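Please read these numbers as outputs of a predicted model, since none were measured by experiment.
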Amino acid sequence: VSVLEQVAVAWQALLRTLAALTERRLWGPWLVLGAAQAATLALLVLFAHPWLSWAMAPLVRWAAGEAALHYPGLMLALPGLYARADMLVGGTLGAVMVGAGTVLFASRFRGFAPAGGEAFARAGRCAVTLVLAQLPYNLLVAALGFGVEVLLGQGAQRGLAQKLVFLGVLGGTVILQSLFLYVAALVVLERRGALEALRALPRAWARGFWAALFLGALLLVPLLPLQMLLDQAQRLVERGDPDLVAWVVGLQALVGLVAWTVLVGSATLVYLSLVAERLEEAAT
């Protein structure tokens, strides 16, 4: 399948996914994940509350330093704190919810009524496999983030160097996401184990890598303005609007959740249209 054909299929998959989002039954896994993300953000913002401080204050100090324990230092550190916490949520609960979402979208695109109970049950049975199969992706993204922190700590944060680092992170994240985008489908639709699903990825790339890359890059666009605004958290605090940082982090999480919903739906349809056929051919 040529690059243009993959992109055309991805575009049609995106349009069909957007049209399908009017069905409430497709939103179950994403509401669960969204609730977990909202709770994570609330725990960070309200860490000083007497009911939370005994547990949260040591974690905040360990993750962001003493300055983050005081207002508005917390708001300066909040984007990074939430990003690390969300990576943990995404790598565990998020991996399972992606599996459940994949089952729901697959049922919808195959012409069946999406059954939330069945989707959650199947993802639950594959929970450990889903987490392990997506672990390499999460570790690589974490390593990429750590490398960026090292670069910025060495003074690469000014002018052109900062822009190059930012573009490099975006490009690297989209490529990694594209490489692992079909893992959930291989686990929950093909019922493969974690290692078996990872071994099947190269054959999936031959049929659908460019479609995955197109979808990942396209759905990153809505997040860029919010990320650029969060990169200016210092200025927001200096202008006297530190609480705005928390609102932007929350909005970014919401936009990201919707983007992931669309991405998983689109990737599921691409998988059913292109990749599954390729894997069946390879197995015969």
Test side-chain contact (heavy atoms from CB on, under 4.5 Å) applied to [X] - qualifying residues, sequence neighbours left out:
| X | value |
| --- | --- |
| L140 | L176, F180 |
| L81 | L44, V60, A63, A64, L74, A77 |
| L195 | R199 |
| P242 | Y71, P72, M75, V237 |

What I'd like to find out is whether the side chain of [X] reaches to under 4.5 Å of the side chain of [Y], using heavy atoms alone.
| X | Y | value |
| --- | --- | --- |
| T40 | D86 | no |
| T261 | F105 | yes |
| L21 | W27 | yes |
| T17 | V264 | no |

If I take atom [atom1] from residue [X] and atom [atom2] from residue [Y], how far apart are they, to the nearest 0.5 angstrom?
| X | Y | atom1 | atom2 | result |
| --- | --- | --- | --- | --- |
| L104 | T268 | CG | OG1 | 9.5 Å |
| L130 | L93 | CG | CG | 11.5 Å |
| L41 | L78 | CG | CG | 6.0 Å |
| N138 | L132 | CG | CG | 11.0 Å |
| L198 | Q134 | CG | CD | 9.5 Å |

For [X], all residues meeting side-chain hydrogen bond (donor to acceptor under 3.5 Å, both in side chains), sequence neighbours excluded:
| X | value |
| --- | --- |
| S2 | E5 |
| Q12 | none |
| Q177 | none |

Same hydrophobic cluster for [X] and [Y], using side-chain heavy-atom links shorter than 4.5 Å among ILVMFWY?
| X | Y | value |
| --- | --- | --- |
| V128 | L186 | no |
| L46 | L59 | yes |
| L139 | L144 | no |
| L179 | V131 | yes |
| L135 | V98 | no |

query = Under 30°, 30 to 60°, or over 60°: which ring-plane class applies to W11 and F214, parallel, tilted or perpendicular?
reply =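 Aromatic pair W11/F214 classed perpendicular.
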inquiry  = By the ring-ring contact (aromatic ring centres under 6.0 Å, His included) test, which pairs, at least two apart or in different chains, include something from residues 40-62?
reply    =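 Matches after skipping sequence neighbours: H49-W51.
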message = Within the supplied structure, the quantity of interest is the number of heavy atoms (other residues, nucleotides, ligands) at a distance under 6.0 Å from W30 CH2; does it exceed 12?
response =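 Check passes, neighbour count above 12.
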Please report the closest heavy-atom contact between [X] and [Y], naming both atoms and the distance.
| X | Y | value |
| --- | --- | --- |
| L215 | A10 | CD2-O, 3.7 Å |
| A206 | Q6 | O-NE2, 4.1 Å |
| A57 | L69 | O-CD2, 3.6 Å |
| P79 | L76 | CD-O, 3.7 Å |
| T102 | A185 | CG2-CA, 3.9 Å |
| L14 | S266 | CA-OG, 3.3 Å |

Salt bridge (charged side-chain N to carboxylate O under 4.0 Å, His left out) contacts in which one or both residues fall within residues 6-24, not counting sequence neighbours =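 Residue pairs passing salt bridge (charged side-chain N to carboxylate O under 4.0 Å, His left out), neighbours aside: E23-R108.
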request  = Ignoring hydrogens and angles, tell me if any N or O in the side chain of T92 forms a donor-acceptor pair with the backbone of V89 under 3.5 Å.
outcome  =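 Checking the backbone N and O of V89 against the side chain of T92, a donor-acceptor pair under 3.5 Å is found.
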key: N/O donor-acceptor pair under 3.5 Å between R192 side chain and V187 backbone   =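 The answer is no, because no donor-acceptor pair under 3.5 Å joins these two groups.
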request  = Applying salt bridge (Lys or Arg N to Asp or Glu O under 4.0 Å), name anything that partners R61, two or more places apart in sequence or on another chain.
outcome  =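 Applying salt bridge (Lys or Arg N to Asp or Glu O under 4.0 Å) to R61 gives E66.
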Enumerate donor-acceptor pairs with a distance under 3.5 Å from any side-chain N or O in residues 246-254 to protein atoms, sequence neighbours excluded.
unit_1 : atom_1 : unit_2 : atom_2 : d
Q252   : NE2    : Q227   : OE1    : 2.8

key: Any side-chain donor near an acceptor of the partner, E190 and Y182, under 3.5 Å   =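 Short answer, no.
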I'd like a table of donor-acceptor pairs (distance under 3.5 Å, sequence neighbours excluded) in which one partner is a side-chain atom from residues 109-127, with atom names and distances.
unit_1 : atom_1 : unit_2 : atom_2 : d
E118   : OE2    : R122   : NH2    : 3.4
R122   : NH1    : V188   : O      : 3.1

